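Below is one structure; the comments refer to it alone.
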Number of protein chains: 2
Amino acid sequence: MTSLADVARAAGVAVSTASRVLNGSTHPISAATRARVIEAATRLGYSPSALARALVSRTSRLVGVLVSDIVNPYFSVIARGADDVASRAGYVTMLSNVDRRTTTEINRLRTMRDYRAAGVIFAGSGHVDDPQADDLAKAVREAREQGIHSVSLTARDLGCQVITADSQAAAYEITEYLISLGHRRIAFIEGPPGMIANRERTDGFLACMSDADLAAEAQCLPGGFDYEAGHAAAMRLIARPPLPHAVLAANDEAAVGALAALRQAGIDVPGEVSVAGIDDLRVARFVGLTTVSLPLYEMGAMAARHIVDNPPCAGGDTTTTVLSHRLIARETTAPRPG
Amino acid sequence: MTSLADVARAAGVAVSTASRVLNGSTHPISAATRARVIEAATRLGYSPSALARALVSRTSRLVGVLVSDIVNPYFSVIARGADDVASRAGYVTMLSNVDRRTTTEINRLRTMRDYRAAGVIFAGSGHVDDPQADDLAKAVREAREQGIHSVSLTARDLGCQVITADSQAAAYEITEYLISLGHRRIAFIEGPPGMIANRERTDGFLACMSDADLAAEAQCLPGGFDYEAGHAAAMRLIARPPLPHAVLAANDEAAVGALAALRQAGIDVPGEVSVAGIDDLRVARFVGLTTVSLPLYEMGAMAARHIVDNPPCAGGDTTTTVLSHRLIARETTAPRPG
DNA sequence: TTGTAAGCGTTATCAT
DNA sequence: ATGATAACGCTTACAA
């Protein structure tokens with residue numbers, strides 16, 4: 001491995017001079033020297049040690065992304081957005097799966113701090129009344145004191161920048177759409193209990209039903225964010241007639257599970273019952289699912305942009321940015337006949 | 001940030017002593033000193049700088065994963081396998097999307113080298129007759145000289161360890177299964193042209209058809225690895241009757257696209273035509289797709305294990321490990337009637 | 001415009 | 001058993 005000292009020697013200059021020309025400092029350098037250094041560097045195939053650089057400058061070009069599970073397309077889209085921005089800016093993405101465990105989040109945040117990450121993106125939603133929330137918030141605060149940016153992609157109380165979508169409004173609007181189609185009795189398949197993301201969506205659904213004087217017609221079923229949970233919830237619906245006019249799931253994957261259960265039971269969707277989800281993941285396109293598109297990619301991208309664009313943590317920037325969503329009507333919903 | 005020097009001072013010992021107790025060296029240390037150092041370290045909330053450590057030891061606890069696109073579930077499963085092993089071993093995963101561009105792979109490999117990554121996993125398949133393949137191989141060789149492990153997850157000529165599945169055999173076996181069901185005229189929807197992964201799968205299909213004396217009945221259609229490509233290919237099939245007895249797609253997502261096109265056209269699957277894929281991604285379960293399960297998670301996990309378990313690059317370990325796959329018959333295939 | 005030198009936070013090699 | 005001290009490869013005052 002050729003170091004800066006090698007380059008300096010080959011060019012016949014001091015390391016400081018070599019450093020100055022090679023890291024684009026504004027320090028004045030004669031054209032001749034500059035040329036000699038550049039020549040030597042390219043000839044020797046010099047590439048600076050990111051470690052040494054980070055050690056001395058006390059900040060690396062590393063951005064951390066904490067997801068619940070990268071296999072979940074919700075998170076992989078976010079990660080893609082973040083990595084696109086990060087790598088375009090010469091940063092590299094550190095990814096960690098935390099499986100919704102706050103203690104794991106804390107540990108990973110600490111690890112990333114040990115690498116002097118420029119910033120960390122919290123993609124997962126966190127739990128309602130999480131007893132560990134304070135510890136995480138403290139870790140975030142400590143990280144900030146070392147100049148590490150934190151960005152949360154959901155409105156959880158981390159005491160950091162938030163860049164998010166209004167999923168409560170999203171749930172509200174798709175419920176409204178279902179109602180506008182003439183559906184009254186609507187079942188909502190909830191996400192994992194205790195997750196903030198689930199509560200927001202459930203609240204949005206309930207608020208809309210209540211605003212439409214349909215609170216009595218609202219039915220919430222325990223579910224989850226995955227296919228199996230949606231499938232199981234729909235089976236319970238089928239077992240206990242009458243069927244609702246429409247079923248909304250807390251996310252697309254569960255909606256697809258519900259859709260499959262309904263159709264397997266010979267129920268016509270959207271003829272007999274309409275089905276909708278939230279997120280607009282790829283699978284929603286595959287099955288023609290009506291849903292609401294959340295700006296996942298943009299959230300990841302914008303969070304990364306915040307990190308790479310700002311100098312090491314200005315301070316307690318606690319701004320919340322809400323990116324917009326939009327309803328996508330496809331083929332699993334139809335007006336209520338009659 | 002508290003450093004080793006702070007801890008040493010607080011404990012009234014030399015940094016070297018503090019270092020020895022804190023990094024589990026085998027050097028003899030008196031119980032009393034050890035206790036004092038540990039006490040000071042915990043009291044001060046000391047956490048070692050991963051950067052300084054990596055700088056001096058010339059290797060970090062970083063493992064790089066190069067995928068084509070993390071949004072593609074094929075890759076996210078691999079990344080998950082790698083990260084699980086890596087983080088359990090105290091390593092952190094660096095993720096990079098390379099969009100199938102060899103030059104990007106080279107650049108990212110170099111970047112990871114600049115962070116003294118312990119190893120890099122190449123998850124993407126590479127191109128047939130890639131003019132840049134030599135440059136990549138050279139970069140891999142240079143990385144090895146610095147002690148960086150490289151592991152490829154497909155059989156491309158990088159001159160490094162290979163941990164892979166036999167996708168040619170996988171394609172062969174599922175074709176065989178289709179034939180065993182009584183299908184003769186089988187259409188194969190190819191993956192992206194020029195990708196090694198696609199060639200292997202196409203070869204497997206063709207070899208099986210030819211071994212079954214059905215070469216004349218084999219039909220290959222240009223396609224791709226995504227839903228849209230599978231859908232479009234199936235539309236072309238539909239437009240040009242007679243329909244094949246079965247259609248096999250180069251991967252699950254394309255198979256799902258084909259399945260949707262067929263069903264949208266009112267064609268009964270598996271009644272009139274059978275459909276199968278390769279990979280066994282989550283979506284295959286959703287739609288009940290017959291496919292062959294590839295050990296994606298295990299490939300990622302095993303590659304990471306190779307990196308974290310071995311000391312900085314023993315040398316040109318060019319071993320190839322082939323993990324086993326297995327056929328998963330579901331509901332999109334059925335015996336040919338009559 | 002260029003050079004010297006002091007760190008950054010570790011680990012490792014000597015001494016003691 | 002413990003302590004100095006020299007790296008590791010870079011950036012950045014401060015000098016010249």
Side-chain angles (χ1 to χ4, degrees), chain A residues 1-38 40-41 44-62 110-111 113-117 146-147 311-312, chain B residues 1-38 40-41 44-62 90 111 113-117 146-147 311-312:
Chain A
M1 209 51 218
T2 122
S3 75
L4 193 55
D6 299 328
V7 174
R9 199 173 310 118
V13 301
V15 287
S16 48
T17 305
S19 171
R20 290 193 270 252
V21 0
L22 261 16
N23 68 10
S25 110
T26 64
H27 208 95
I29 297 282
S30 81
T33 313
R34 174 179 305 273
R36 286 220 315 289
V37 170
I38 290 179
L44 269 46
Y46 170 73
S47 183
S49 159
L51 294 175
R53 187 175 278 191
L55 182 60
V56 59
S57 62
R58 319 176 79 79
T59 179
S60 67
R61 276 157 139 23
L62 252 17
R110 296 233 166 91
T111 303
R113 174 204 56 188
D114 293 341
Y115 281 97
R116 298 290 179 277
Q146 291 159 52
Chain B
M1 207 52 215
T2 124
S3 75
L4 194 54
D6 299 326
V7 174
R9 198 172 313 120
V13 301
V15 287
S16 45
T17 305
S19 171
R20 288 193 271 251
V21 0
L22 262 16
N23 67 10
S25 108
T26 65
H27 207 93
I29 298 281
S30 81
T33 314
R34 175 180 303 273
R36 286 218 316 288
V37 170
I38 289 179
L44 270 46
Y46 170 72
S47 182
S49 159
L51 294 175
R53 187 174 274 190
L55 181 61
V56 58
S57 63
R58 318 178 80 77
T59 178
S60 68
R61 276 158 136 31
L62 253 16
T111 303
R113 174 203 58 187
D114 293 341
Y115 281 96
R116 297 292 181 274
Q146 291 160 52

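Values below: all heavy atoms of this structure, side chains included; hydrogens, waters and symmetry mates excluded. First the proteins, then the strands, lettered A, B, ... as listed; each starts at 1. Predicted, not measured: the structure shown is a model, and the values here were computed from it.
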Revision key, fill the gap. Taken in chain and number order and not counting sequence neighbours, the residues that satisfy side-chain hydrogen bond (donor to acceptor under 3.5 Å, both in side chains) with B/Ser47 are A/Arg113, A/Asp114
**Study point:** Under the side-chain hydrogen bond (donor to acceptor under 3.5 Å, both in side chains) test, residues paired with B/Thr33 that sit two or more places apart
**Key:** B/Ser30
Check your understanding: Is there a residue in residues 29-37 of chain B whose heavy atoms reach under 4.0 Å of DNA chain D, and which residues are they?
Key -> B/Ile29, B/Ser30, B/Thr33
Distance-only donor-acceptor pairs under 3.5 Å for side chains of residues 15-24 of chain B, two or more places apart:
unit_1: B/Ser19; atom_1: OG; unit_2: B/Asn23; atom_2: ND2; d: 3.4
unit_1: B/Asn23; atom_1: OD1; unit_2: B/Ser25; atom_2: N; d: 3.3

Which heavy atom of [X] sits nearest to which heavy atom of [Y], and what is that distance?
X: B/Val7; Y: B/Val37; result: CG1-O, 3.9 Å
X: B/Ser3; Y: B/Tyr46; result: C-CE1, 3.6 Å
X: B/Ala117; Y: B/Ser60; result: CA-OG, 3.5 Å

What side-chain donor-acceptor pairs closer than 3.5 Å can you find for residues 48-58 of chain B, not counting sequence neighbours?
unit_1: B/Ser49; atom_1: OG; unit_2: B/Leu51; atom_2: N; d: 3.3
unit_1: B/Ser49; atom_1: OG; unit_2: B/Ala52; atom_2: N; d: 3.0
unit_1: B/Ser57; atom_1: OG; unit_2: B/Arg53; atom_2: O; d: 2.7
unit_1: B/Ser57; atom_1: OG; unit_2: B/Thr59; atom_2: O; d: 3.2

**Study point:** Spacing of CD1 belonging to B/Ile38 relative to CD1 belonging to B/Ile29, to within rounding of 0.5 Å
**Key:** 10.0 Å
Point to revise | Angle of first-five versus last-five pair axes in the helix from C/dT1-D/dA16 to C/dT16-D/dA1, to 10 degrees | key: 50°
Revision key, fill the gap. A/Arg9 meets the salt bridge (Lys or Arg N to Asp or Glu O under 4.0 Å) criterion, sequence neighbours left out, with A/Asp6
Review point. In B/S/- notation, 5' to 3', how is nucleotides 6-16 of chain C contacted by protein heavy atoms closer than 4.0 Å?
Key: -BBBBBBB---
Review point. Starting at CZ of A/Arg9 and ending at P of D/dG9, how long is that distance when rounded to a whole Å?
Key: 11 Å
